[in-house]
2 protein chains.
Amino acid sequence: MKKYALGVDIGGTTIKMGLFTTEGKLLEKWEIKTRTQQDGSFILSDIAVSAKNKLKEKGIELEGVEGIGMGVPGPVDEHGTVLRCVNLGWGVFNVEDAMSELMGGIRAQAGNDANVAALGEMWKGGGEGYQNVVMVTLGTGVGGGIIVNGKIVAGADGAGGEIGHFQMKKDETEICGCGKRGCLEQYASARGIARMGRLKLEADQRESVLRDAETLTAKAIFDAARQKDEVALELVEELGEMLGTALSFIGSVTNPEVFVIGGGVSKAGTIVTDVIQKYYEKYAFHAAAKTPFALAKLGNDAGIYGSVKMILQV
Amino acid sequence: MKKYALGVDIGGTTIKMGLFTTEGKLLEKWEIKTRTQQDGSFILSDIAVSAKNKLKEKGIELEGVEGIGMGVPGPVDEHGTVLRCVNLGWGVFNVEDAMSELMGGIRAQAGNDANVAALGEMWKGGGEGYQNVVMVTLGTGVGGGIIVNGKIVAGADGAGGEIGHFQMKKDETEICGCGKRGCLEQYASARGIARMGRLKLEADQRESVLRDAETLTAKAIFDAARQKDEVALELVEELGEMLGTALSFIGSVTNPEVFVIGGGVSKAGTIVTDVIQKYYEKYAFHAAAKTPFALAKLGNDAGIYGSVKMILQV
């Protein structure tokens, strides 16, 4: 095992990068912009240039680097082939081969960003000490990452962990970004939580501090719930019911050792995990009902940690 | 690798046993009764005696046997510890260690019967050629087996693949065997399908050949659907909707290469897989919606095949 490894988390706006020791110490992290022009064709070379500059700055030879791992915002199969990445403008190609070539032949590995973040949380975050972890990211959307025996479950079509599109409500009238109706994401993402709040406020005339909110956000709803606002408390229960039900399905599929809850919504803290766990216990198969819940710990660094862990596993 | 291996499928009434070559050829299969008296304490020694007798009969030394695999009707963790087996009278103990001792120290491995059957179907049945398989068994109950990268996903509490208790309908009034209400099994097991038929016949006065059936079984419903009986056709669609929805969740968790449908209900043939697939495609996340469906091929032998495959994997 060489001494260093690079972790990269490619987002639609910025690319997060980290230089690690292969023992898992983050030496330095930095960001570059994501240039999506010309079908995102600059992205990999921008990463390679930035990585090489950092190595030079630190006096590290490429020969001392074990590899470069990447989290990508779209489905990636187990061989490193990206199956379209709408946010980046990418079509179908093998991102590992392309990156390795740009980095002088060092090993490159890629995974879906939500899966890679899950691996990072397993390694050094909320799932540390476990080998079987399910991470749920409640952010702009709802993402999931499934780890079994310490490895990402990428899935035959790179759709492993795409739990945001669980079909939860067949009578939904609004359309999800994916084109279907009733996806988990429509209720449990930051935007979904705010949407449910708006609908509830419109449905009746009850008093609520949420009526005074400038913009009705998930955060405003959790804050109001802490103040015992009746409408907000109902919304939190309904969120817990929705997510607890969804996670009870996962509990009966891979039956993880722990659920790790991350993403912007999870910044509200244990109010989120507690209510999900309450409904999880209600709906899960009895043998799996005691699975513990933890908050994610690595925040926006989960992706770079997980990217490096991928490199160390092979 | 030695030349022979033994596969055992322990059921509540009979124990199926098979003598295999380690290349996967079934040389002979036989059955013994399951003696559940005295907390099932005779079961393992009965298996050991019967296995040794068969080896003697065939002139095979114990030294020529790679190991003995067992499918067990209850949760088993990845270390071979049975976490209670109500049907057999078993409490919590390590069945692998106990069996190995009874068999002169040869290797023993155990898994949940539905998981082991899934592994068998992956090896020599409807999932042959794949490494990522989900098998759904529609029998007296609804069982599932999740295979990722060729290995059973046992789960932290041995509850991996317990999909029969997916919470599908929150307004259900009847209670499932597990104590909850609205489990998949209440609609999609042989008994569940018959139950739904009975409820539909009671709900109105429409003509149906099912009204003349002596006992209303899942088979009678599929037969009537083939004759275009309107009530039966509706029941088949509703079954497809229920299972297609449930499998769409699994499609977004482990995203298998193939779904294999087995159990007594699957004997009705492609009418079952076609209607499940129709609704699966409707509800699955688009990236995972093209997963193929296959019928199980090994019937009651899936368990002994999978048991042997467990032995060969380690």
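Chain identifiers are assigned alphabetically (A, B, ...) following the order of the sequence lines, protein sequences preceding nucleic acid strands; residue numbering begins at 1 within each chain.
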Over all heavy atoms of both residues, which pair between A:A156 and B:P256 is shortest? Give the atoms and the distance, please. CB-O, 3.6 Å
Chain B contact via A:A246 - side chain, backbone, both or neither, heavy atoms under 4.5 Å: neither
Side chain / backbone / both / neither for A:I146 at chain B, heavy atoms under 4.5 Å: side chain
Which one wins on heavy-atom pair count under 4.5 Å against chain B: A:A154, A:A159, A:G164, A:G145? A:A159
Using 30° and 60° as the class limits, which term best fits the ring planes of B:F249 and A:F166: parallel, tilted or perpendicular? tilted
Between B:V253 and chain A, which part of the residue has a heavy atom less than 4.5 Å away: side chain, backbone, both or neither? both
Quick check - list every chain A-chain B donor-acceptor pair under 3.5 angstrom, one line each.
| unit_1 | atom_1 | unit_2 | atom_2 | d |
| --- | --- | --- | --- | --- |
| A:A156 | N | B:N255 | O | 2.8 |
| A:A156 | N | B:N255 | OD1 | 3.1 |
| A:D157 | N | B:N255 | OD1 | 2.7 |
| A:D157 | OD2 | B:N255 | ND2 | 2.9 |
| A:G158 | N | B:N255 | OD1 | 3.4 |
| A:A159 | N | B:N255 | OD1 | 2.9 |
| A:G161 | N | B:S252 | O | 3.0 |
| A:G161 | N | B:V253 | O | 3.0 |
| A:E162 | N | B:S252 | O | 2.9 |
| A:K170 | NZ | B:E241 | OE2 | 2.8 |
| A:K170 | NZ | B:T245 | OG1 | 2.5 |
| A:K180 | NZ | B:E281 | O | 3.2 |
| A:K180 | NZ | B:K282 | O | 2.6 |
| A:K180 | NZ | B:A284 | O | 2.8 |
| A:E241 | OE2 | B:K170 | NZ | 2.8 |
| A:T245 | OG1 | B:K170 | NZ | 2.5 |
| A:S252 | O | B:G161 | N | 3.0 |
| A:S252 | O | B:E162 | N | 2.9 |
| A:V253 | O | B:G161 | N | 3.0 |
| A:N255 | O | B:A156 | N | 2.7 |
| A:N255 | OD1 | B:A156 | N | 3.1 |
| A:N255 | OD1 | B:D157 | N | 2.7 |
| A:N255 | OD1 | B:G158 | N | 3.4 |
| A:N255 | OD1 | B:A159 | N | 2.9 |
| A:N255 | ND2 | B:D157 | OD2 | 2.9 |
| A:E281 | O | B:K180 | NZ | 3.2 |
| A:K282 | O | B:K180 | NZ | 2.6 |
| A:A284 | O | B:K180 | NZ | 2.8 |

Top of B:G182, B:A284, B:C176, B:G251 for chain A proximity - count of heavy-atom pairs under 4.5 angstrom: B:A284
